[in-house]
Amino acid sequence: MSEIVRTRFAPSPTGYLHIGGARTALFNYLLAKRLGGKFVLRIEDTDQTRNIAAADQKLLEDLRWLGLQWDEGPEVGGLHGPYYQSQRRQLHDEHARKLLDAGQAYYALETRAELDAMRKAAQQRGEKGFRYPRPAHFPSEAEAQRARDAGRQVVIRFKMPERDFIVPDRILGDVTIGAAELSDFVIVKSDGWPTYNFAVVVDDAGMHVTHVLRGQEHLMNTPGQIALYEAFGYTPPAFAHLPIIFNMSGTKMSKREKDKVVRDAAKAGQLDDAKLIELAGLHDAELIAAWRKGDTQLPSEALQRLAKALAVRPPEIEIHDFRRSGYLPEVLNNFIALLGWSPGDGREKFTLAELCQAFSLERVGKTNARFDRDKLLAFNTSAIEAASPERKLAAFHDWLSVSEPGPLTSLDDVLLTRLIECCQGFRTFPDIEFKAGILFAPDAAVRYDEKAVKKWLLKDDGLGKRVLEELSTNLAGLADWSVGALDAVVRAYAEKRGLDLGKVAQPLRVAVTGTTISPQIADTLALLGRERTLARIRRVLATTGQPSAPGP
RNA sequence: GCCCCCAUCGUCUAGAGGCCUAGGACACCGGCUUUUCAAGCCGGCGACACGAGUUCGAAUCUCGUUGGGGGCGCCA
């Protein structure tokens, strides 16, 4: 066994990578890199009732997108695999057998219903909390078999040593948990699969994990795990429990929030099940019914379709959500790193490589943090501004690849690059689509904003329209439809008429985009092209202010 | 209810007894810039939860109170 540092990230596959999971993964990655060790990825897929098809692929996709490449794990292999917990059954079984044979674990024959009743009874008796009553004599192999034959559910429980445990935590310090809080927990379920608390020890030991960084919600599990390490004669790893990340509202960040937003919209829209099934592209009436009641979550694709149909934006919770919203992976890493860790010197901007250099467990804090989306946005804005043109283009492509098809979808690199330049100051990629998308959409897609039309075209006896009429002549005669030439024409006209540039640019903008928002006017017209610019101006002149005025 | 963890501006945090009339970032407010939006620039507001100790001296140490969080599953 080597002395090298080995950390691991061990998520259960429930879909895309949750923001909290990303933070755990990042810290494990950083610690391993900082100490010249290995970062291992293991998929904990032993709950047969909760596994979601292809969820592991989504997890890997998000992890890779963040650049948190694992040294050992799914798809890359390694010396200590397999890296799917479900494929390590034999190892778990052997370890359970060992404990059983040594009298350190025993069969327990109660059904779930019986356990529930015992818990309830304990509660009514006013006991401190339910602890499984260890029997004086452990059921024999034969008794366990008879129980199984009789249709009972047989589990294996660990005989927890009756003493206080100290968890030496690298972040929290020594945490003492009294013997009274500990009980004989289940290590093998009645379906034969290991529980988390058992498998995690067998697998971490088997994979020679030296440092376990995980969320603080695991703290109370640790004594049991330490006891298991001791029972097997293994050396426990160093433990470090990370503070938890919350929403700004103080609630835990959960995928359920996304469902809630969409569910509320569905409720407000008074849509029935049939309509919902259609919009979500689902065929499971029971699922929708349960979802409506708030009992379950929808698959992410179905939820996405529904959200789009209902025109609501669920909050970003998973890494993939942030990707679709136009954030940069390096920004997510940077921002997430600061949730619980700080370098101490006031620095806030880090690349992944810089984080690898600067990170240390000693500088991880103990207090729970709130996820401030405003600050994330600010980070994204400044990172985009600082990024090289190549990086921006690549990121733009990436965003396009995960977005709904839109007017920008099939633009070539030349145009994409120009768009990036023309929209400088944008905060996320959707901003570009919002600001310039209409320039690449069919003329018929232009929707005229009523207030904009009134203010910039109709006001002052149609000053804006007169400007358009005069200018369109100048524009039509322009030999060179370039940004420079267009800019010159607009400026010259404004000067000649003694108008502020805004009084000229805004009517133009409204005419060609329907709104008051677009890139600089010369860029806007250049991007649109001569034909479509003139066509849109003609159309607006012909219809605006008439009985058949276009648009809402 | 019981056990465990935590506690500095609205938020993320710096601070490891005197360097603190508490620093930075985001947000917010005001101004500048300006052909729109966004960005940018300048300035401002703004916190040591409370109460006892310890000490010449406490944001920093101790205890208590309050508040927040986590756990108490055949989930992970």
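Each chain gets a letter, A, B and so on, in the order the sequences are listed, and its residues count up from 1.
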Practice problem: Quick one: label A/Thr195 by what it contacts on the DNA or RNA (base, sugar-phosphate, nothing), any heavy atom closer than 4.0 Å. | Solution: sugar-phosphate
Short N/O separations, protein against nucleotides 38-43 of chain B, under 3.5 angstrom:
from, atom 1, to, atom 2, distance (Å)
B/A38, O2', A/Gly425, O, 2.6
B/A38, N3, A/Gln424, O, 3.4
B/A39, OP1, A/Arg427, NH1, 3.0
B/A39, O4', A/Gly425, O, 3.2

Quiz prompt | Whole angstrom value for the distance that separates C1' of B/G71 from CG of A/Leu182 | solution = 12 Å
Quiz item: Which pair of heavy atoms, one from A/Asn334 and one from A/Phe350, lies closest together, and at what distance?
Solution: OD1-N, 2.9 Å
Quiz item: What does nucleotides 5-20 of chain B look like as a protein-contact string, B for base, S for sugar-phosphate only, - for none, at under 4.0 angstrom between heavy atoms?
Solution: SSS--BBBSSS-----
Practice problem: Specify the residues of residues 149-163 of chain A, ordered by number, for which at least one heavy atom lies under 4.0 angstrom from an atom of RNA chain B. | Solution: A/Gln153, A/Val155, A/Arg157
Practice problem: Determine whether A/Gln297 and A/Thr14 make a side-chain contact, defined as any pair of heavy atoms from C-beta on separated by less than 4.5 Å. | Solution: no
Quiz item: Tell me: CG of A/Leu376 to C1' of B/A25, nearest whole Å?
Solution: 13 Å
Quiz item: How is A/Asp116 classified with respect to the nucleic acid when contacts are heavy atoms under 4.0 Å: base, sugar-phosphate, or nothing?
Solution: nothing
Self-check item: Rounded distance (Å) that lies between atom C1' of B/C75 and atom CG of A/Asp45
Solution: 14 Å
Exercise. Provide the distance between the two P atoms, one in B/C63 and one in B/G10, to the nearest whole Å.
Key: 28 Å
Quiz prompt | Heavy-atom closest contact (A/Arg509 atom, A/Thr516 atom, distance) | solution = CD-O, 3.6 Å
Quiz item: A/Phe396: what forms a ring-ring contact (aromatic ring centres under 6.0 Å, His included) with it, not counting sequence neighbours?
Solution: A/Phe429
Practice problem: Report the nucleotide, chosen from B/C74, B/C26, B/G69, that has the shortest atom-to-atom distance to any side-chain atom of A/Val186. | Solution: B/C74
Quiz item: Distance between the C1' atoms of B/A16 and B/U8, in whole angstroms?
Solution: 14 Å
Quiz item: Looking at A/Asn474 and A/Tyr493, what are the two nearest heavy atoms and their distance?
Solution: ND2-CD1, 4.0 Å
Quiz item: Using the P atom in both, what is the distance from B/G15 to B/A52, to the nearest Å?
Solution: 28 Å
Practice problem: Just compare B/C37, B/A76, B/C2 and give me whichever is closest to any side-chain atom of A/Ile517. | Solution: B/C37
Self-check item: Integer angstrom distance from the C1' of B/C29 to that of B/C3
Solution: 46 Å
Practice problem: Check the distance between B/C26's P and A/Asn334's CG and give it to me in whole angstrom. | Solution: 13 Å
Quiz prompt | Residues in side chain to side chain donor-acceptor pair (under 3.5 Å) contact with A/Arg88, at least two apart in sequence or another chain | solution = A/Asp203
Self-check item: Pairs involving residues 143-169 of chain A, ordered by first then second residue, that meet ring-ring contact (aromatic ring centres under 6.0 Å, His included) (sequence neighbours left out)
Solution: A/Phe158-A/Phe185
Exercise. Quickly work out the A/Phe130 CZ to B/G71 P distance and round it to whole Å.
Key: 19 Å
Quiz prompt | Residues A/Arg152, A/Glu114: salt bridge by 4.0 Å N-O rule | solution = yes
Practice problem: Could you tell me whether the side chain of A/Glu44 and the main chain of A/Tyr196 form a donor-acceptor pair under 3.5 Å? | Solution: no
Quiz prompt | Integer angstrom distance from the C1' of B/G23 to that of B/G70 | solution = 32 Å
Exercise. Answer yes or no: is there a side-chain heavy-atom contact under 4.5 Å between A/Arg373 and A/Phe322?
Key: yes
Quiz prompt | Residue met sooner reading RNA chain B from 5', once A/Glu217 and A/Arg491 are mapped to nucleotides | solution = A/Arg491
Quiz item: B/G24 phosphate, OP1 or OP2: any side-chain N/O from A/Arg347 under 4.0 angstrom?
Solution: no
Quiz prompt | Integer angstrom distance from the C1' of B/U21 to that of B/A59 | solution = 14 Å
Practice problem: With C1' as the reference atom in both, quote the distance from B/G17 to B/G57 in angstrom, rounded to an integer. | Solution: 7 Å
Practice problem: For A/His18 and A/Met253, indicate whether the former's side chain and the latter's backbone hold a donor-acceptor pair under 3.5 Å. | Solution: yes
Exercise. State which of B/C74, B/A76, B/A25 makes the closest approach to the side chain of A/Ser12.
Key: B/A76
Quiz item: Looking at A/Arg119, does any N or O in its side chain come under 4.0 Å of the phosphate oxygens OP1/OP2 on B/C74?
Solution: yes
Exercise. Please examine the side chains of A/Arg112 and A/Gln153, heavy atoms only from C-beta on, and report whether any two atoms are closer than 4.5 Å.
Key: yes
Quiz item: Rounded to whole angstroms, how far apart are CZ on A/Phe198 and P on B/A76?
Solution: 13 Å
Quiz item: A/Tyr83 ring centre to A/Arg8 NZ or CZ under 6.0 Å, with the angle to the axis within 45°?
Solution: no
